[in-house]
Colleague: 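Have a look at the structure that comes next, please.
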Amino acid sequence: MTEPNKRANLDLSGYQPAAGGIAARARASAAPAYLSGLNPEQREAVESLDGPVLVLAGAGTGKTRVLTTRIAHILSTGRARPAEILSVTFTNKAAREMKLRLGQMLGQAVEGMPWLGTFHSIGGRILRYHAELVQLTSNFTVLDTDDQIRLLKQLLAADNIDDKRWPARMLAGLIDGWKNRGLTPSQVPAGEAASFGNGRGGKLYAAYQERLKVLNAADFGDLLLENIRLFREHPDVLRQYQGRFKFILVDEYQDTNVAQYLWLRLLSQAPSQSSLPGSTRQSITSREDGSPGLDASRRPGDDDKASGGVQTTAPKNICCVGDDDQSIYGWRGAEVDNILRFDHDFPGAKVIRLERNYRSTGHILAAASHLIAHNEGRLGKTLRTEDVDGEMVTVTGAWDSEEEARGIGEEIEQLQRQGHKLNEIAILVRASFQMREFEDRFVTLGLPYRVIGGPRFYERAEIRDALAYLRVINSPADDLAFERIVNVPKRGLGDATVQMLHDHARKRKIPLFEAARLVIDTDEMKPKARSSLRGLIENFERWQVQRNALSHTELAEIVLDESGYTEMWQKDRSADAAGRLENLKELVRSMEEFENLQGFLEHISLVMDRDGAADEDAVSVMTLHSAKGLEFETVFLPGWEEGLFPHQRALDDQGRAGLEEERRLAHVGITRARRRAKLYFATNRRIHGTWNTTIPSRFLDELPQANVEITESKGGSGWGGMSGYGPSRFDNVESFGSSYSTPGWQRAQAQRGKNGGGGRSGGGGFSESSSPFSDRGASPGARRAPFTIEGELVAKSTGAESDFTLSDRVFHQKFGYGQVTKIDGNKLTIAFDKAGEKKVVDSFVQRV
DNA sequence: ATTCGAATATTTTTT
DNA sequence: ATATTCGAAT
C-alpha cells in the first residue's frame with residue numbers, strides 16, 4: 001500500500017512558512033479544507049493549539065487523522081516551522097504513516113519534519129549531537145538485544161557468576177526495566193539491585209554501563225536514559241531544545257514508560273531563563289534522591305506538586321493522543337498511569353474525548369465496549385457508531401487447535417468465494433506459536449498468507465554478521481562486532497585465540513581489534529592462527545582505507561566478498577543458504593537509501609523493520625500486539641482459552657493488572673474488525689508438545705449476549721453459563737472439513753523460507769526501509785570524521801611505553817622464564833630459558 | 001579447533 | 001516439540 005515514490009511526496013523541500021495572510025484567512029472566513037470533514041471533537045483537538053491537551057481517542061476514532069491535521073494546522077497557521085515541531089510515535093510504522101499522510105495533506109509543502117519519529121530514533125539523534133557530553137562519540141553503535149546479552153555474559157563470566165543460575169537474559173531484562181523506569185545504576189533501589197546474582201545486580205549494571213562507554217555503544221534504553229542524563233547535567237543543552245520545540249505531539253501516549261515520560265516532561269517545559277538555571281534538574285532529581293522505593297519510581301508524577309509547582313515556567317503546547325483501553329505494553333515498562341494522570345502532570349490540561357467510531361459496525365463495537373467495561377482503572381469512554389448493526393460477533397468452539405485452523409481456513413475460503421479480498425482478512429493470535437498451525441493449514445489449502453512481525457530482517461544471522469563487518473570498519477573499537485566475526489567464516493581462530501585477545505585487551509584497556517594488531521607481531525600465537533589473524537587485520541585496514549574511495553555499497557560488496565563470507569554461504573549446501581545470500585543482496589540494496597556507511601549504521605538498528613510488500617492478495621497472520629493500529633474487514637481471533645488468552649504468565653506475574661492488560665488486548669483484537677469479528681476457542685491444545693485440555697476464556701463470558709452468536713454448537717446450550725463447555729459438545733469432530741493430511745514441519749519450513757528469505761514478494765522481504773529522517777548532508781552524525789576513534793586508540797596503544805627494562809627477569813605463562821633482550825614500545829623480545837627467543841606483548845609477562 | 005551429540009531451556013508481546 | 005546451548009569426542 002505504501003510504496004516507493006512516497007519519497008517524492010515527502011520531499012517537501014521548498015517549504016516556506018505560510019504567510020500570515022493564509023492564517024488570517026483560515027481564522028476569518030471559511031475553514032481551511034483540511035478541517036472540513038472533522039467532527040466537532042476532532043476539530044477541537046486540532047484547533048486547541050495552546051497549552052497541554054490530552055486526546056483520548058478510542059479505537060477507530062480518527063486518532064492519526066487528528067494528529068496529522070493538527071500538524072498541518074500548526075504549519076499553515078504559521079505558528080511554527082516544521083523543524084519546531086516535535087512529533088513522537090512509538091513505532092517506525094506509525095512514523096512512516098504520519099509522514100505519508102502529512103505529505104498527502106500538505107502537498108509538497110514541507111521539507112520533511114526533521115523531528116517526526118520514534119522516541120528511540122529521536123533520542124538517538126539528539127544523543128549523537130551531544131555524544132561527547134555523555135562519554136560517547138557521535139558514531140556510537142546501537143546495541144541490539146543480542147549484543148546486549150553477549151556483553152552481559154562476558155561480564156558475568158568475569159565476575160565468576162554462574163550463568164545457569166543467573167542467566168544473562170534475566171539481567172538484561174532487569175537492566176531494561178530499570179532503564180525504562182529512568183533509573184541509572186546509582187538510582188536503582190538497593191533491594192532490587194541485590195535481587196540478582198547474590199546481590200551483585202547493581203554492580204553489574206554499573207559495570208555494563210561502563211563497558212558500553214568503552215565500546216562506544218548504547219542500548220535501546222540508553223537512547224532515552226542517556227538523553228535524560230544529558231538534559232539534566234547540561235541545562236544549557238536542554239534549554240536549546242526546549243526553545244526549539246514550539247509544539248510537541250505524542251502518539252500512543254498510553255504506551256509511554258517512565259523514561260519517556262521524564263524525557264517529554266523535560267522537553268515540554270518552556271525554556272527557563274537565567275532565573276532558575278538548575279531548576280529542571282532539581283525538580284526531577286529530587287524524587288530519586290528522596291525515596292528510592294518502588295512507589296516513587298513507578299509514579300514519576302508524585303512530586304510534581306512539590307517541585308513542579310515551584311517551576312515558574314508554564315508547560316508548553318504539548319498534545320498527547322492515546323487510549324488507555326489500548327495500553328498493551330505494560331510488560332515492557334509502559335505506564336498506563338501516564339495517561340491516567342495526565343491532567344495532574346500537566347496542570348490545566350484540556351481533555352478531549354473522541355468517542356465516535358468510524359470503523360466498526362454496531363455489534364462489534366458493542367461487544368468490544370462491553371468487554372472492556374470489565375476493567376477498573378480506566379478513564380472511561382463510550383464508543384458509538386452510526387453504522388448499521390451488521391453481523392454479530394461469532395464464537396466458535398473447536399475440538400482442538402487443528403480443527404480450529406481447519407474451520408478458519410474453511411471460512412476464509414468461503415469468504416473468498418463470495419468475493420472478499422484476502423487482504424481484508426486477518427488472523428490475530430495471542431502468542432506466535434499459534435501461527436504455525438495456520439501456516440500449515442494454509443499451505444495445504446494453497447491459500448496465500450503473509451506472516452507479519454516474525455523474526456526481523458536484521459536479526460537474521462547473516463545480516464548481523466555482515467553488519468558486524470561493517471561495524472568494525474566503521475568503529476574498530478566495536479568489540480562485540482569484532483568478536484562476532486573473527487571466526488566467521490572459519491579461520492581457525494577459536495575460543496583460545498579470542499580468550500587470549502581478551503586478556504590482552506583487558507590488561508591494556510584497548511579494544512580487541514587493537515590487541516589483535518599488536519599480537520600478530522609477536523610469537524604469542526601459533527603460526528597458523530597468527531597468519532590467519534594477520535590476514536584478517538590487514539583486510540580490515542585495507543577496507544578502512546577503501547572506505548574513503550568507494551561508495552558504501554561497493555565497500556559492502558567488497559567486504560562480503562573478500563572476507564570470504566559470501567563464499568561461505570555459497571559453499572553451504574543447506575536449504576536456506578540461497579535465501580541467506582539473497583538476504584545479503586537485499587541488505588546491500590537497502591544501503592543505497594542511505595547517504596553513507598555511517599548513516600546506514602546509525603539508523604539500521606532502529607529502522608530496519610519489515611512490512612513486506614502488500615501488493616499480493618493474502619491473509620495476514622500476526623499477533624494481537626502487532627495488529628494494533630491496523631484494521632481489517634474480517635478478523636479471526638483464535639485461541640480464546642484460559643491460560644493462553646488471558647495468558648497464564650500475565651496472570652501469574654502481574655495478577656489483576658495483568659488480567660486487565662489481557663482484556664485490553666482482547667479489546668484491541670475485536671476493534672480491529674470493521675464488519676466481522678470471529679472468535680474461536682479450542683478444547684484441546686498442544687503446548688510444549690503435550691496436549692492440554694483447556695477451558696474457554698473468561699473473556700468470552702464477558703461478551704454481551706445480545707451481540708454475540710454461537711456457531712457450530714450443535715445442541716450447545718450453555719452459553720453464558722460458567723461451565724457451559726463440556727468436551728461432549730464437540731464430539732462431532734466432523735463438523736469441519738475432513739481431509740486433513742498432516743503437511744509436516746518440513747513443508748511449512750520450506751514455504752516459510754520461500755516466503756521469507758527467498759526474496760519473494762511474500763511476507764519476509766526487507767522493506768524499502770525509509771529513513772525516518774531524510775537528513776541529507778545535514779546529519780549531525782555525518783559531521784564527525786569516522787577515524788577519530790581509531791586515531792585515539794592507535795595513539796593510546798602505541799604511545800604507551802613498556803615499563804620493563806632491558807635484562808629484566810620475567811615469567812611468561814606459556815614460555816616460562818626468560819630475560820628481556822629488546823624493547824619496542826610495549827613489545828618485548830625475550831630470551832626464554834627453554835623456549836628460545838620470542839617476541840611477546842608486555843602484558844603477558846610479569847617481572848620475577 | 002571443529003564437529004557432533006546430548007542436555008537443557010524455552011514460548012507473550014518489541015522499540 | 002524445537003531451538004539453543006553446552007560438553008565431549010575427533
Side-chain angles (χ1 to χ4, degrees), chain A residues 88-95 117-124 142-146 148-150 153 163-165 167-170 172-173 176 179-180 218-224 252 255-257 259-260 327-334 428-437 452-456 458-459 461 486-499 525-526 528-529 532 603 605-609 622-628 639 643-654 658 661-662 664-665 668-669 685-691 744-745 748-749 772:
Chain A
V88 279
T89 64
F90 203 62
T91 63
N92 292 306
K93 203 171 67 184
T118 65
F119 278 101
H120 294 270
S121 58
I122 290 178
V142 177
L143 260 41
D144 58 32
T145 319
D146 206 65
Q148 216 180 117
I149 286 177
R150 281 191 300 144
K153 267 201 180 129
D163 66 346
K164 281 277 204 258
R165 245 199 95 183
R169 284 180 176 286
M170 186 195 258
D176 255 13
K179 289 187 173 177
N180 283 339
D219 63 18
F220 278 116
D222 281 343
L223 295 181
L224 282 159
E252 308 279 22
D255 285 334
T256 52
N257 59 35
Q260 288 159 338
S327 164
I328 55 176
Y329 285 106
W331 50 273
R332 128 183 148 180
L428 310 182
V429 298
R430 176 62 183 84
S432 45
F433 76 84
Q434 292 173 263
M435 297 198 282
R436 212 192 82 189
E437 210 123 22
I452 297 187
R456 292 166 183 270
Y458 74 87
E459 279 168 5
V486 249
N487 204 26
V488 179
K490 303 265 185 278
R491 298 188 175 88
L493 303 170
D495 281 352
T497 308
V498 173
Q499 200 50 52
M525 302 166 61
K526 290 199 199 116
K528 226 172 90 188
S532 177
H603 292 312
S605 51
L606 297 175
V607 155
M608 265 250 211
D609 57 358
M622 66 187 101
T623 64
L624 285 160
H625 282 88
S626 41
K628 192 170 73 153
L644 176 60
F645 194 28
H647 199 280
Q648 192 56 49
R649 194 140 157 196
L651 264 36
D652 292 346
D653 297 354
Q654 309 281 334
E661 181 152 317
E662 295 287 293
R664 290 194 291 268
L665 202 47
V668 167
R685 186 172 295 276
R686 194 166 38 192
I687 295 170
H688 304 349
T690 47
W691 286 95
W745 184 221
Q749 277 298 66

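Quick note on labels: first sequence line is chain A, next is B, and so on, each numbered from 1.
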Colleague: How many whole angstroms separate atom NE2 of A/His625 from atom P of B/dT15?
Modeller: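 Result: 11 Å.
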Colleague: How long is the line joining CD1 of A/Ile452 and C1' of B/dT14, in whole Å?
Modeller: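 It works out to 15 Å between those atoms.
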Colleague: I want to check one thing: is the phosphate of B/dT14, taken as OP1 and OP2, less than 4.0 Å away from some side-chain N or O of A/Thr623?
Modeller: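 So the side-chain polar atoms of A/Thr623 do come within 4.0 Å of the phosphate oxygens OP1 or OP2 of B/dT14, strictly under.
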Colleague: Hey, what do you get for CZ (A/Arg150) to OG1 (A/Thr145), rounding to the nearest 0.5 Å?
Modeller: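 Reported to 0.5 Å precision, the distance equals 12.0 Å.
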Colleague: Using atom CD1 of A/Ile687 as one end and atom C1' of C/dA1 as the other, report the distance to the nearest whole Å.
Modeller: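 It works out to 13 Å between those atoms.
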Colleague: Between B/dT11 atom P and A/Met435 atom CE, what is the distance in whole Å?
Modeller: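 Rounded to whole Å, this separation is 14 Å.
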Colleague: In terms of side-chain geometry, is the basic nitrogen of A/Lys179 or A/Asp219 positioned less than 4.0 Å from the acidic oxygen of its partner?
Modeller: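 A/Asp219 and A/Lys179: salt-bridged.
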Colleague: What class does the angle between the rings of A/Tyr329 and A/His625 fall in, given that below 30° is parallel, 30 to 60° is tilted and above 60° is perpendicular?
Modeller: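 Correct class here is tilted.
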Colleague: Over how many whole Å does the gap from A/Leu224 atom CG to B/dT15 atom P extend?
Modeller: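 About 14 Å, once rounded to whole Å.
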Colleague: With a 4.0 Å cutoff (strictly under), does any side-chain N or O of A/Asn257 reach OP1 or OP2 of B/dT15?
Modeller: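 Answer no for this pair, as no side-chain N or O of A/Asn257 is under 4.0 Å from OP1 or OP2.
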Colleague: In whole angstroms, how far is the C1' atom of B/dT14 from the CD atom of A/Glu661?
Modeller: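 A/Glu661 atom CD is separated from B/dT14 atom C1' by 13 Å.
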Colleague: Quick check on A/Asp652: does its CG atom have over 12 non-hydrogen neighbours (other residues, nucleotides or ligands) under 6.0 Å away?
Modeller: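 Yes, enclosed.
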